[in-house]
Amino acid sequence: MEQNHRGAWASNIGFLMAAIGSAVGLGNIWGFPYKMGKSGGFTFLIAYLALAIFVGFIVMVSELAMGRKVGKGVIGCYHTLSKKFKWVGWLAVFAPFIIMSFYSVLGGYCIEYMALNMGNLAFAGAEIKTGTDLFGAMLTNQFGCVVFTLLFIVICYLINRGGISGGIEKFNKIGMPALFVMLVIIIIRSLTLDGAVEGLKFMFVPGYAVKAGFIPEAPNFLTVLATAGGQMFFSLSLAMGVMFTYGSYLDKKENLVRNSTVIVVADTIVAMMAGLAVIPAAVANGLTSINAGTTVIDAATGVERAMTLADIKLNGPSLLFVTLQDVFNAMGSIGPLFGVIFYLLVLIAAISSAISLVEVIATFFLDRAAEKGKKGSRKKIVLIVCLAILVEATLVAVDGLGSNGLWVPGQATFGVHGWNDNWLDFMDMMSEGIAMPLGALLMSLMVGYEIKPSIVLDEVHLSSKARIDGFYKICVKVITPIGMILVLLGQLNDFGFISIFG
Ligand code: PFF
């Protein structure tokens, strides 16, 4: 049911599945639960929700409304709407391109782990490698990493070439419910493991992470706010052109306020569910090792010592590819089956986010072709975009999270910091660290002070009677810019450029 040459969502539910699919990704699974636990459980959740309502929701409504109003991708929107902020659209296309450099590598890792667990299932009884050994071997196998990255990009290519309703919508309409069901299966397994309750306490009880010894000290309030803001932005796929792009394919009769609310709420629920799936299992398994008298080599002193709760890796790639693999290994003959289900669900989450990033860039080229009076072949455009992504992703894949010692910009001059440890961190710094928060700050200033909030509100009122005008204006003019400055500073702090939050 493509309505014009650009295409359109076949249904509102299809749009919602795709937008939720973009939001639900690796950020939910490996970022949110750990950040919540480390930053005081419910305290973090409240900060997160407040930022999601006053900043995330506002930016979401604005992006969807401007995208739908102009009917073009993000660069076209900024060009049409603003004189002063025209160039910001470029920032919002640059960032998805850079994010894809590492997102596709991580997606490739998921495919590899899914295959490994399938192998363990098929050859039950054969020797099974530990998470640490598997991950180390994978990172240093550069050819293998490039092949699996390529496979991930090919999957995205096949979906994006199908178009908005024929590719993205179709994938998400099946993928999202499937992901939900698989998540529930993993949650049930995770929560029924001995010691799972310690993981729940880590996630939810304020101060427990420090008291029990998971982390040495609690972060201060500003750090918590900045962490929550950065996480919220990445998780909701904001300031990346995604919601402009997806909004540009949305029918005028669809309610933007309700849709934005559903996306924010669903993303937060899935992040919490992901926490219930991974943290209790990881902690329970860690406790078993501690009780069995496992020893580790201390990173600082190089001396062997007893394992403690602080040694359980609950964040980032190590959580997914070391800690959880060990959890599945320890489950006996049924473990590989849970492994296959889990890595498949993470893979679906990664694909549904990645295709939204590819679509931002593809839509830009499609619109440009249309402006020149040409039809523009979606298949050709998506192919070229995916090839360009493959080039940059190869660099990240070959680097293997720094295992293979590739040169990273700035290392010779500044030494190794958070932002230039390896190529993945470098790409993450440029996109999540700078382009995203800066883009959102500039967007709120543009709407608040140049083109005025009424542009967004008029579009919103086409399909919604919600009385959000007063709330929207205060947020977009004052609260959102302040929130964005905080997030920007927090990101610069996290990446080691400045040191103001401790
Ligand atoms: N929201 C995705 C996640 O949480 O992993 C990642 C992402 C997708 C970020 C799309 C930005 C984006 F535009």
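Order of listing sets the numbers, starting from 1, for every ligand and every atom in it.
Every atom of ligand 1 is numbered from 1 in the order shown, and the set under 4.0 Å from a heavy atom of Val242 is 13 (F). Within ligand 1, the atoms closer than 4.0 Å to a non-hydrogen atom of Ser22 are 1 (N), 2 (C), 8 (C), 10 (C), numbered from 1 in the order shown. Ligand-side atoms of ligand 1 in range of Gly27: 3 (C), 4 (O), 5 (O), range being under 4.0 angstrom from any heavy atom. Below 4.0 Å from some heavy atom of Ser235 lie the following atoms of ligand 1, by number and element: 1 (N), 4 (O). Listed by atom number, the atoms of ligand 1 under 4.0 Å from Asn28 heavy atoms are 4 (O).
In Phe234, the parts holding a heavy atom less than 4.0 Å from any atom of ligand 1 are both the side chain and the backbone.
By the side chain to side chain donor-acceptor pair (under 3.5 Å) test, Asp399 is found to be paired with no residue, residues two or more places apart in sequence or in another chain being considered. Residues satisfying the side chain to side chain contact (heavy atoms under 4.5 Å, CB included) criterion with Leu366, sequence neighbours excluded, are Arg378, Ile381.
A side-chain contact (heavy atoms from CB on, under 4.5 Å) with Val360 holds for exactly one of Ile75, Thr245, Ile99; it is Thr245. When each of Ser353, Ser237, Ser352 is paired with Ser22, the side-chain hydrogen bond (donor to acceptor under 3.5 Å, both in side chains) condition holds for Ser237 and for no other.
In this structure, CG in Leu51 is found 9.5 Å from OG1 in Thr480, a value given to the nearest 0.5 Å.
The shortest separation from a heavy atom of Ala23 to ligand 1 is under 4.0 Å, placing the residue in contact.
In this structure, atom 10 (C) of ligand 1 lies nearest to the protein heavy atom Ser237 OG, 3.2 Å. Considering only non-hydrogen protein atoms, atom 5 (O) of ligand 1 sits nearest to Tyr103 OH, 2.6 Å. The closest protein non-hydrogen atom to atom 12 (C) of ligand 1 is Leu357 CD2, 3.3 Å. In terms of protein heavy-atom proximity, atom 11 (C) of ligand 1 is nearest to Met240 CG, 3.5 Å.
Of the charged side-chain nitrogens involved, at least one lies within less than 4.0 Å of a carboxylate oxygen, so that Lys72 and Glu371 count as a salt-bridged pair.
The aromatic rings of Phe471 and Phe57 sit tilted, their planes meeting at an angle between 30° and 60°. Note: Phe32 and Tyr48 have perpendicular aromatic rings, judged against thresholds of 30 and 60 degrees for the angle between ring planes. Ring-plane geometry between Phe321 and Phe135 is classed as parallel, the angle between the planes falling under 30 degrees on a 0 to 90 degree scale with a further cut at 60.
Where the criterion is an N or O separation shorter than 3.5 Å, residue side chain and backbone included, Ser353 fails it with respect to ligand 1. Below 3.5 Å of separation, one finds no N or O of Ile99 facing any N or O of ligand 1. For the pair Met436 and ligand 1, the shortest N or O to N or O distance does not fall below 3.5 Å.
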